[in-house]
Amino acid sequence: MTLWISICIIEAILLAGLIYSIVANQKRQRTRVDHNVNGTTSKHPILANPILLAYVLFPVAIVIGAALLYKFY
């Protein structure tokens, strides 16, 4: 039971970080600093951002790992 509480706390922290990153990214887009941005990054600012992808993929990996631990132990 403690494992699931720890996972929930980690997930909540990651969700808060993801929301903060998205808000910060939107604010930064309004005040564009870099004019030499790749076309893919300007068309897809969320999908082309590796930090935001890490915020999505890391919790998925944690859930899959927890499920595997629960199944095999």
Test of understanding: clusters of I, L, V, M, F, W, Y form through side-chain heavy atoms closer than 4.5 Å, transitively. Do Trp4 and Phe58 belong to the same one?
yes
Please say yes or no: joined through hydrophobic side-chain contacts below 4.5 Å, possibly via intermediate residues, are Ile62 and Tyr70 part of one cluster?
yes
How many angstroms lie between CD1 in Ile7 and CG in Leu14, if you round to the nearest 0.5 Å?
11.5 Å
Minimal non-hydrogen separation, Pro59 against Ala54, with atom names
CD-O, 4.1 Å
Residue pair Val60 / Val56: nearest heavy atoms and the distance that separates them
CG2-O, 3.3 Å
With hydrophobic residues grouped by side-chain heavy-atom distances under 4.5 Å, do Val63 and Ile9 end up in a single group?
no
